[in-house]
Amino acid sequence: MAETPAEPQIDCELQPPSNTLSEPQLQSQLHPLSEPQPLPQPDTIPQPDTLPQPDTLPQPQPLPQPDTIPQPDTLPQPDTLPQPQTLPQPDTLPQPWPQPLPQPDSLPEPQPLPQPDTLPQPCPHPLPQPQPDSLSEPQLLPQPDTLPQPWPQPLPQPDTLPQPDTLPQPQLLPQPDTLPQPWPQPLPQPQPDSLPEPQPLPQPDTLPEPQPQSEEEVKPWVWTCHRVLLLFLLASSFCTSILGLAYYSQQHRPPESTPPASPPCTSPACQRATARLSISVDPFSQPCDYFLFPCGSEGASLSNRGRQRGKGIPLHPQGHKSRAAQAEKERERGRKERETGTDIIEKATADRMPDRQTALLLTMREILEADDRSSPGNSAKQKACMFYRSCMDTGPTETAGPEPFLRLVHKLGGWAVSGQWNQTDFNSTLSLLMRDYGTFPFFSVYVGKDPNDTQGDKRYIQIDQPDFQIPTEWSSKTQKSKANTQILRLFLASYQRLLSLLGSPSSSTSLHIGLFISLSSELAVAASPLPHRLQQGLLYQRITIKELQVRTLAPAIDWLSCLQTTFHPHPVSQSDHVLLHNLPYIVHMSRIIGKWLNKHELSGSGPLHTFMVLSLLHTVIPALDSRFTQTERNFSLALGTTEEDVPRWKQCVLQTEKGFDTVLTHLLRETTAYTEADELIQNVYSSIKSKLPDLRWRDEESRMSVLNKIQSLTPRLSTKNIFSEAELNQLYSKVTIDEHKYFSNYIQSLSLQRQRSSKLFSQTEGDDIWSITPFLSGNELVFPMGMFVQPLFHPTYPRAVNFGVLGSLMAKDILHLLLPNIHSQSMSPRSIAECVRYQYLSMTEGPGREEAFSLSPAQQQEMWVQYSALQIALQAYNQSLKKYPGDSSLSGLSHTHLFLTSFTQINCDSDPYHEFMPFEPSFLVTVICGYSDLCPTTLSCPNKPQQHLLGTC
């Protein structure tokens, strides 16, 4: 190692050259480099170890001999050092280096240095020299990623400067506050006596870089280069690894459907919901097949699960196949149930979402079948459960045969068909049937409001034509009903079968059935369908009982006695008003009864009495053995009536409710989660109130009318007319239930139904246990408890399920109830419906699907309701998450994924508002996902021609 030469002395003083650039001129040529480090004072400057070399640097130049190297970077004495100037950037600065290295290929061409002969002073560095008083704070070193010039070799520094042991930046320069600047910038003027004689500068393209050397030794260049290169490669590898890891984590981050922050729901209700999700198709696994076709059907196949849309829409590709597929599906389902005796509905609910009525029935079934031994044996709850079990146990009923009914007929005084009849009074028998057996042979009676009475909620006795057992056809030409001859033959055969099951002698059967058919035909001829009565203004005709009793109207019926008996203990007087719904029939019915009563030749056969007994038989057939029910079913099939087969459990639940409605209401209340239900109600209604002001209203009057109506209503959960357990036990204290005698239990339930009818005079509308939609009561929007049942709602469900299923249904209910005429009040339904329709057509373009279809105003309104309901429910769910962060999950799905999956499942399996929808409501998820990042996957169809969703709706 060569000895460090003594510092040469020169006697010239550096002067600023004539072509020195000003600082703004220099800065205008600079590229945006990172800020360099400030220059240190010479007494505190650390010694940089080695400067980083780009991988493209040429081989280092050999070190010049110390006696020939001018010392350009000898630092001035501290007492004469002015403030350094901001360094120019090396990419555009004319190269003032004494010995620059050859430039790499990728670096910009250096500007030529001024010639030494133009310098006013023969100084070793003809560099642009600013005045000392204009120097600013030292500039920071540029970062290596933007540095165009290769770094010069280490400059000689005083032997007292420390060596930095680590180089944090890729250029391996230390970053202390006092880092010296190795740039070819005009340095502070040194003392003249310390500088050597100036050496002529070579041209920039051939000048070698000045070689740094310390006062003690000059380090080997090869070792320095290798060390710099090694450190540079290590730093580059480290940065590349960091960037690679970042890219990998971005591309392979866990999908949104499996966030670890969502704990799984493990309650029994959630386990059933999870099983239902696992069986059904995830709509986001095959979004094109699921959202564009009927609920996940394979391709264009229209026979798989879900309903088809397109009812009433011309040229819609799904219209005709829809009805055929659905009808075939229903026929297949009925055939399997009849052949195997299995409960198809019960099995279907395991993997499908039932409709709301079925869901409520399933909940009541679960309550009645629960083995609850906490209640005493004579409690109202136990009596209701015993009644249900006696209905489900068909063994004793099959064994008893017709005997229970024959004993009941004997109790009524017998009948002429059996040859034993004690000539009972007509009106007395009629009153008895109406009071104790809920049978109305000649007219029907019920309690309800008068829609024309706007001053109050008073209830009236209403009298209407009965549901005739004999089928009739209405003739618009003659304005009368008549019985078809072919139908009469079927009707005759059916009642001959019923009488034979009752053990009636065949010798008298034909006579009594003939009289029964003749009387039925004469009564039915005056009956008229509801549209005709509505058109003729025959509904809600108010009249007093006294006026009805006069000879000119309907004197054959003892109206006051019959009505007092039926509605006891509610008081009924002759001055009370009743509402008639077909006065011509009432007058005609009274005349026919009077004529048959005065036929003395028929007094022994008692046709009117036989008519009333056969009407009672029709009432109690559900409590008789299966031969009677099968006879009725065969008659319906012969008429071409395709009634759905009702499973036994559903029949028993419905029958239990008729007699024990208050008990089931009490039991349903115990299972309702009021806190969670009220939160759902309030969030959904709040979202509706925030959405409606954004609609495009046709005029200010419409806008204020709707908004004031919405703001004036108070939503709440129904809680009225709920009895305590003690009150229920007292109410049913006189009821005796035998688990093995369903017929007698059934007769008691008919009496309980009559008692129930008397409550209707004071009971508010909508408190029926089977209510499943909200209703208005004054300034309250009431939500019945029957809405909040499994699998539509459960307090342990993730809120995403509750809002996605019941929240969306609730939003539809409210919009239909409060905004039935929104299409005439706002322009938004039409514009939104057309937007959704356009996006549907753009997604379904292709061979065989080019047909366009138009939307009627009713279809536009329904599409707006469906689309708005999805938005409202999703907004309500997000509000709930903001208030109560965090939610559980099913099957590892994220919150939004679970919400949208639940929405599509309820709309595929059970959509109560599908009549005017041209396609599956689940397609609306595609529209929502088209302009947001809510969906867990991109809804694209690579094998199907489609257009990008062009905007939001």
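Just so it is clear, the values below take in all heavy atoms, side chains as well, and ignore hydrogens, waters and symmetry mates. All figures in this text were calculated on a predicted structure; none of them were measured in a lab.
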side-chain hydrogen bond (donor to acceptor under 3.5 Å, both in side chains), that's the test. Do Lys691 and Gln871 meet it? Break it down for me. CA-CA 9 Å; Lys691 180 177 179 59; Gln871 291 179 313; 2.9 Å; yes
Between the main-chain N or O of Val805 and the side-chain N or O of Ser902, is there a donor-acceptor pair closer than 3.5 Å? no
Are Ile822 and Gln861 close enough that some pair of their side-chain heavy atoms sits under 4.5 Å apart? yes
Measuring centre to centre across the rings, with the benzene-like ring taken for any Trp, is Phe923 within less than 6.0 Å of Tyr840? yes
Closest non-hydrogen atom pair, Gly886 against Leu881: O-CD2, 4.0 Å
Could you tell me whether the side chain of Tyr674 reaches within less than 4.5 Å of the side chain of Met785, counting heavy atoms only? yes
Could you give me the CA-CA distance, side-chain angles and deciding distance for Ile814 and Leu819, then say whether side-chain contact (heavy atoms from CB on, under 4.5 Å) is met? CA-CA 8 Å; Ile814 297 174; Leu819 304 174; over 6 Å; no
Within the distance-only criterion (no hydrogens, no angle test), does the side chain of Asn878 pair as donor or acceptor with the backbone N or O of Leu874 below 3.5 angstrom? yes
What heavy-atom pair brings Pro774 and Leu817 nearest, and what distance separates the two atoms? O-CD2, 3.8 Å
Any donor and acceptor pair, going by atom type alone, linking the side chain of Ser856 with main-chain N or O of Gln859 inside 3.5 Å? yes
Ile681 and Phe788, any side-chain heavy atoms less than 4.5 Å apart: yes
Can a donor-acceptor pair be found, under 3.5 Å and without considering hydrogens, that links the side chain of His666 to the backbone of Thr662? no
Under the side-chain hydrogen bond (donor to acceptor under 3.5 Å, both in side chains) criterion, do Glu366 and Thr671 qualify, and how do the steps go? CA-CA 11 Å; Glu366 185 177 349; Thr671 63; over 6 Å; no
Shortest non-hydrogen contact from Leu362 toward Pro354: CD1-CG, 4.3 Å
Would the distance check show the side chain of Ser705 and the main-chain N or O of Glu701 forming a donor-acceptor pair, the cut-off being under 3.5 Å? no
Are any of the side-chain heavy atoms of Trp697 and Met827 separated by less than 4.5 Å? no
Gap between atom CZ of Arg696 and atom CD1 of Ile832 - 0.5 Å precision: 9.0 Å
Nearest heavy-atom approach of Phe803 to Ala873 is O-CB, 3.7 Å
Whether the side chain of Asn821 engages the backbone of Ser824 through a donor-acceptor N/O pair (distance < 3.5 Å, no angle test) should be reported. no
Run the side-chain contact (heavy atoms from CB on, under 4.5 Å) check on Met353 and Leu792 step by step: do they pass? CA-CA 8 Å; Met353 195 75 74; Leu792 309 176; 4.0 Å; yes
So, do Glu657 and Leu654 sit near enough that their side-chain heavy atoms are less than 4.5 Å apart? no
Nearest 0.5 angstrom please: Arg365 CZ to Leu360 CG, how far? 14.0 Å
So, Tyr460 versus His577, ring centres under 6.0 angstrom or not? no
Closest heavy-atom pair and its distance - Glu676, Ala673: OE1-CB, 3.2 Å
Sub-4.5 Å side-chain heavy-atom contact between Asn802 and Phe899: no
Using the rule given for side-chain hydrogen bond (donor to acceptor under 3.5 Å, both in side chains), can you reason through Arg276 versus Gln905, listing the C-alpha separation, both sets of side-chain angles and the distance that settles it, and then say yes or no? CA-CA 10 Å; Arg276 193 160 42 248; Gln905 189 175 45; 4.6 Å; no
I need the Met787 CE to Ser771 OG distance, nearest 0.5 Å. 10.5 Å
Before you tell me yes or no, could you show the steps for Ser686 and Asn683 under side-chain hydrogen bond (donor to acceptor under 3.5 Å, both in side chains), namely the whole-Å CA-CA distance, both residues' side-chain angles and the distance that decides it to 0.1 Å? CA-CA 5 Å; Ser686 175; Asn683 281 324; 6.0 Å; no
Relative to each other, are the rings of His581 and Tyr540 parallel, tilted or perpendicular (30° and 60° limits)? perpendicular
Ser687 side chain to Ala876 main-chain N or O, any donor-acceptor pair under 3.5 Å? yes
Heavy-atom distance under 4.5 Å between the side chains of Val782 and Arg716, does that happen here? yes
Criterion side chain to side chain contact (heavy atoms under 4.5 Å, CB included) against Tyr685, the qualifying member of Ile872, Leu680, Leu713: Leu713
Of all heavy-atom pairs linking Ala833 and Leu855, the shortest is O-CD1, 3.9 Å
Hey, are Asp661 and Arg756 close enough for a salt bridge, meaning a charged N less than 4.0 Å from a carboxylate O? yes
Is there a donor-acceptor pair under 3.5 Å between the side chain of Ser826 and the backbone N or O of Ser828? yes
So, taking the atom named NZ in Lys709 and the one named CG in Leu781, what distance separates them when rounded to the nearest 0.5 Å? 10.0 Å
Out of curiosity, Ile772 CD1 to Phe783 CZ, how far, rounded to the nearest 0.5 Å? 14.0 Å
Sub-3.5 Å donor-acceptor pair from the side chain of Arg799 to the main-chain atoms of Ser888, do we have one? no
side-chain contact (heavy atoms from CB on, under 4.5 Å) for Met364 and Ile367? Distances and angles first, verdict last. CA-CA 5 Å; Met364 302 311 303; Ile367 292 174; 4.3 Å; yes
Would you mind checking if Arg533 and Asp464 are paired as a salt bridge, meaning a charged N to carboxylate O distance below 4.0 Å? yes
Pairwise side-chain contact, Thr675 with Glu679, heavy-atom cut-off 4.5 Å (strictly under): no
What's the separation between atom CD in Gln541 and atom CG in Leu579, rounded to the nearest 0.5 Å? 10.0 Å
Working note: Tyr877 + Asp887, criterion side-chain contact (heavy atoms from CB on, under 4.5 Å); need CA distance, chi angles, decisive distance, verdict. CA-CA 11 Å; Tyr877 177 55; Asp887 193 8; 2.8 Å; yes
Going by an N to O cut-off under 4.0 Å, is there a salt bridge joining Asp450 and Arg542? yes
Under the 3.5 angstrom rule, does the side chain of Thr904 hit a backbone N or O of Thr901 as a donor-acceptor pair? yes
